[in-house]
Amino acid sequence: MNNQQSLLNWYQLNKRDLPWRNTQNPYLIWLSEIILQQTRVNQGLPYFLKFAQKFPQIESLAAAPEDEVLKLWQGLGYYSRGRNMLKTAQIIVLSNGGKFPDNYHDLLKLKGIGPYTAAAIASFAYNQAVAVLDGNVFRVLSRFYLISEPIQSSFAKKLFNQLANEFLNKDNPALHNQAMMELGALICTPLKPACLECPLQQNCLAFIQNSQLQFPIKLAKAKPKNRFIAYFHFQFNSQIAVFRRPSGGIWEGLYDLPYLESEEKTDANSWFEKGSKKKWYSSNQIIDLVFEKKHILTHQHIYAQFYRINCINKPILNFDESWVEYNQLPKLGVSKLLSSYLELAMAEPK
DNA sequence: AAGACGGGGCG
DNA sequence: CGCCCAGTCTT
């Protein structure tokens, strides 16, 4: 039995039963693929179910306000996925009558759809013979063929793309692609690969020389930046001051509290000196540090402090900020960092 | 080619 | 704490 056949047999016996595997509906496949970008199945699954339920067809998604999409996306991270998904849904509905492109080339033109996702949709929904290349496939192929090229390089991308397409089972690209990724997720894992259960074991060059853990080769990553942020929870009667985060940084489109920021650790007095020109310093208000948290992102470590300010006089806000009623707060999409604070703050009102 | 973009799980 | 995850977009 050849490699492709062994792989397919293994897959049929061992695959997980996941909801997006029981459909050829390109919209649902697209939805699942966007959600699963850089995201584990267990983390993305509830979001897929939520979106599929709320927006059963692309038309209902296209009609949704961005704030609603981002609220549903809350907690999943990489929020540009949600924003791009909405834009793409609108384009498909308005300019193509709601019909998804049915091939790799046209799929690739859409916002949020790169080489991986285009190949995934083209093969899963339309059985087009294009190989997917994700983190799993990189790992499987780098071990199988013993490729020492760092997978970040553009040369490696071409090389692996060629290898993946040579390895592709042209008779059943959809199942083959699923099987490659499932193999990477269940057997050919980064740390403890279960090589003894692997259907490709006999021909895997890394296994033969027992060097599985050396692959894939990766370049070192940049060190994350430290940010020290003081958040200010302005409360006036039943309202709180918020703003919608602008484009060009993290959490675009989500809501946030007004804040000050520094590159070094800063204490309460210094924050208020820095903010002395701001509205909260001038009037007699109660200021209280209520919460501290270190929030880890891929490229930055945020050391956040939350100060609560119970305003006696209603401060004038900046142009981009506004007052919202507390009972409207749950409708706004916020970062995990802010939601962890709000959960605490709303549970014990002062 | 290199950075930016989230959050969670695991050893 | 470091690494990784069904990647894509921007510069």
- Nearest non-hydrogen partners of A:Ala156 and A:Phe138, listed with the distance: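 Heavy atoms of A:Ala156 and A:Phe138 come nearest at O-CE2, 4.5 Å.
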- So which heavy atom on A:Phe243 is nearest to which on A:Pro246, and how close?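 It is CE1-CD, 4.2 Å.
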Would you mind classifying the nucleic acid contact of [X] as base, sugar-phosphate or nothing, using non-hydrogen atoms under 4.0 angstrom?
| X | value |
| --- | --- |
| A:Lys111 | sugar-phosphate |
| A:Trp73 | nothing |
| A:Gly249 | sugar-phosphate |
| A:Lys223 | nothing |

- Task: Name the residue closer to the 5' end of DNA chain B, choosing between A:Arg81 and A:Leu191 according to the nucleotide with the nearest heavy atom.
- Result: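 It is A:Arg81 whose nearest nucleotide is closer to the 5' end.
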- Message: Reading DNA chain B from 5' onward, which residue's closest nucleotide shows up sooner: A:Phe155 or A:Lys192?
- Response: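 Going by which nucleotide is closer to the 5' end, it is A:Phe155.
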Tell me whether the side-chain N/O atoms of [X] come closer than 4.0 Å to OP1 or OP2 in [N].
| X | N | result |
| --- | --- | --- |
| A:Thr39 | C:dG7 | no |
| A:Lys294 | C:dC1 | yes |
| A:His295 | B:dG7 | yes |
| A:Lys221 | B:dA4 | no |
| A:Trp251 | B:dG7 | yes |
| A:Gln38 | C:dC5 | no |

Rounded distance in Å - [atom1] ([X]) to [atom2] ([N]):
| X | N | atom1 | atom2 | answer |
| --- | --- | --- | --- | --- |
| A:Arg227 | B:dA4 | CZ | C1' | 12 Å |
| A:Leu76 | C:dA6 | CG | P | 14 Å |
| A:Gln300 | B:dG3 | CD | C1' | 12 Å |
| A:Ile250 | C:dT8 | CD1 | C1' | 18 Å |
| A:Arg40 | B:dG6 | CZ | C1' | 13 Å |
| A:Ile34 | C:dC5 | CD1 | P | 19 Å |
| A:Lys225 | B:dG6 | NZ | P | 16 Å |
| A:Leu297 | C:dG2 | CG | P | 15 Å |

Would you mind telling me which of [options] lies closest to the side-chain atoms of [X]?
| X | options | value |
| --- | --- | --- |
| A:Lys336 | C:dC5, C:dT8, B:dG7 | B:dG7 |
| A:Ser335 | C:dC9, C:dA6, B:dG7 | B:dG7 |
| A:Arg139 | B:dG6, C:dC5, C:dT8 | C:dC5 |
| A:Arg21 | B:dC5, C:dA6, B:dG7 | C:dA6 |

- For A:Arg244, the option from A:Asp67, A:Asp256, A:Asp320 that meets salt bridge (Lys or Arg N to Asp or Glu O under 4.0 Å):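 Only match with A:Arg244 under salt bridge (Lys or Arg N to Asp or Glu O under 4.0 Å): A:Asp67.
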- In terms of ring plane angle, is the pair A:Phe306 and A:Tyr231 parallel, tilted or perpendicular, where the classes change at 30° and 60°?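 Aromatic pair A:Phe306/A:Tyr231 classed parallel.
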- Item | Straight-line distance of A:Thr117 OG1 to A:Leu107 CG, nearest 0.5 Å |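 Between A:Thr117 OG1 and A:Leu107 CG, I get 9.5 Å after rounding to 0.5 Å.
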- Query: Taking atom CD1 of A:Ile309 and atom CZ of A:Phe234, what is their separation to the nearest 0.5 Å?
  - Reply: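 The CD1 atom of A:Ile309 sits 4.0 Å away from the CZ atom of A:Phe234.
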- Query: Expressed in whole Å, how much space separates the C1' atoms belonging to B:dG3 and C:dA6?
  - Reply: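 About 22 Å, rounded to a whole number of Å.
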- Can you tell me, in whole Å, how much space there is between the P of B:dG8 and that of C:dT8?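 Roughly 22 Å separates the two P atoms.
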- Message: Whether the side chain of A:Tyr78 and the base of B:dG6 hold a donor-acceptor pair under 3.5 Å is what I'd like checked.
- Response: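 A donor-acceptor contact between them is present.
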- Task: Determine whether any donor atom in the side chain of A:Thr298 lies under 3.5 Å from an acceptor atom in the base of B:dG6, or the reverse, and answer yes or no.
- Result: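 Yes.
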Side-chain donor/acceptor pairs under 3.5 Å, residues 195-202 of chain A, sequence neighbours excluded:
residue: A:Gln201; atom: NE2; partner: A:Cys195; partner atom: O; Å: 3.1

- Identify whether NZ of Lys or CZ of Arg in A:Lys54 sits under 6.0 Å from the centre of the six-membered ring of A:Phe51 and within 45° of that ring's axis.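 No, A:Lys54 does not sit over the ring of A:Phe51.
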- In terms of side-chain geometry, is the basic nitrogen of A:Glu263 or A:Arg227 positioned less than 4.0 Å from the acidic oxygen of its partner?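 Judged by the 4.0 Å cut-off on N to carboxylate O distance, A:Glu263 and A:Arg227 do not form a salt bridge.
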- Identify, residue by residue, the members of residues 41-50 of chain A with a heavy atom below 4.0 Å from DNA chain C, and return them in order of residue number, or none.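 The answer is none.
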